[in-house]
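Here is the structure we will look at.
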Amino acid sequence: MRTYQLIAPAKINLYLEIIGDRLDGYHELVMILQSIELSDRLEIRSNGTQDINLHCNHPLVPVDQTNIAYRAAQLMLEQFPQAFANYGGVDITINKQIPVAAGLAGGSTDGAAVLVGLNLLWELGLTIPQLQRLGEKLGSDVPFCVSGGTAIATGRGEKLDPIQDLDNLWLVLAKYNNLSVSTPWAYKTYKQQFGESYINDTTGIQSRTSQLHSGPFVQAISHKEGQKIGNLLHNDLEKVVLPEYPQVAQLKEILQQAGGLGTMMSGSGPTVFTLCQSQTEAETIKKIARKKIEDPNLEFWVTKLSSNGISIMDEQ
Ligand code: C5P
């Protein structure tokens, strides 16, 4: 039986603006999404049975239908019954390196890897856009995780427009391992507090999207101007998450004071990151922050921006 080993990178939001709400219950967003080198590893192999078996080395990761990776396999089984009949079920093993419930799309990237892996294992020949359309059914971040790199994302986050790759910067990520933020709570609270300023007409939404396209952030990315990028980082969800989680607000402040190009919360949090020019700068900031907050639950990762989505590490 063939086996694929895949690399599934995490993502951060360099920019997250909430424009309005949608009839499907989601929010209309304008974002800049960025892959990072911090990645999970997945092994996907046919098992010759009728079952999907999911294994994960992390005790807090569920291995049933509540895991996007499991749902991705179910979706492929439903969509391609002939391939399922030919090849049978799959064993999926996730080696989790991305922090869980962190605002880094850890679950979404595993789901994206299962779509890519089954496409290869079952020799379906699906294109990246076809895999991304399947990914939309699983979660707003899954289509981006398939292709990765640097992209403007609009709609729910599933409409992607790749821009110049930004892979020259480093970052330090920090997260309390005993803290997690519910994404639905963050969006619901944002709507309660800021819903009155939502734009809901198509022209207004399109104009915000084109402003971002032609604005200084995208220009700074295309010129790889680290300091400008650092100054322009933005995340609307900080407005609701930071007041509710003072530990995260304090972490952001300490990282900010420690240096780097700019500091921000990723997605709905609670991970905070600082962009840096070099690995040395990221390691120094990590050391300073660790000294200032002596909490054993606070974890750090030093990693780099990446231009990769799901990629094959090995094929047997
Ligand atoms: O799509 P995903 O499952 O990742 O979204 C998680 C939750 O985040 C949704 O159930 C919704 O509450 C919120 N969300 C939203 N608008 C988006 C993306 C996510 O309201 N564009």
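Counting starts at 1 for both ligands and their atoms, following the listed order.
- Tracing side-chain contacts under 4.5 Å through hydrophobic residues (I, L, V, M, F, W, Y), one never reaches F144 starting from L134; they form parts of separate clusters.
- Near G139, meaning under 4.0 Å from any of its heavy atoms, are these atoms of ligand 1: 1 (O).
- Nearest protein heavy-atom neighbour of atom 9 (C) of ligand 1: Y26 CE2, 3.8 Å.
- Numbered from 1 in the order shown, with element, the atoms of ligand 1 that lie under 4.0 Å from a heavy atom of S140 read 1 (O), 2 (P), 4 (O), 18 (C).
- Residues E37 and K304 are not paired through a salt bridge, judged by the lack of any N-O separation under 4.0 Å between the basic side chain and the carboxylate.
- For ligand 1, one of its N or O atoms has an N or O atom of R156 under 3.5 Å away.
- Set against the non-hydrogen atoms of L29, the atoms of ligand 1 under 4.0 Å away are 17 (C), 21 (N).
- With S182, P184, G267 as candidates, the residue nearest to atom 12 (O) of ligand 1 on a non-hydrogen basis is P184.
- Ring geometry for Y87 against W122 counts as parallel: the plane angle stays under 30°, on a 0 to 90° scale with 60° as the upper cut.
- Note on I229: it clusters hydrophobically with L232, by side-chain heavy-atom contacts below 4.5 Å among ILVMFWY residues.
- Between the D40 side chain and the Q97 main chain, a donor and an acceptor come within less than 3.5 Å of each other.
- Note: no N/O pair closer than 3.5 Å links Y187 and ligand 1 by distance alone.
- Counting protein heavy atoms only, atom 16 (N) of ligand 1 is closest to H27 N, 2.8 Å.
- Taking the charged nitrogens against the carboxylate oxygens, K252 and E238 do have a contact shorter than 4.0 Å, which makes a salt bridge.
- The single protein non-hydrogen atom nearest to atom 6 (C) of ligand 1 is T183 CG2, 4.1 Å, given as residue, atom name and distance.
- Remark: side-chain polar atoms of Q164 are not paired, donor with acceptor, to backbone N or O of I221 under 3.5 angstrom.
- Checked by distance only, ligand 1 and D141 stay at 3.5 Å or farther apart across all their nitrogen or oxygen atoms.
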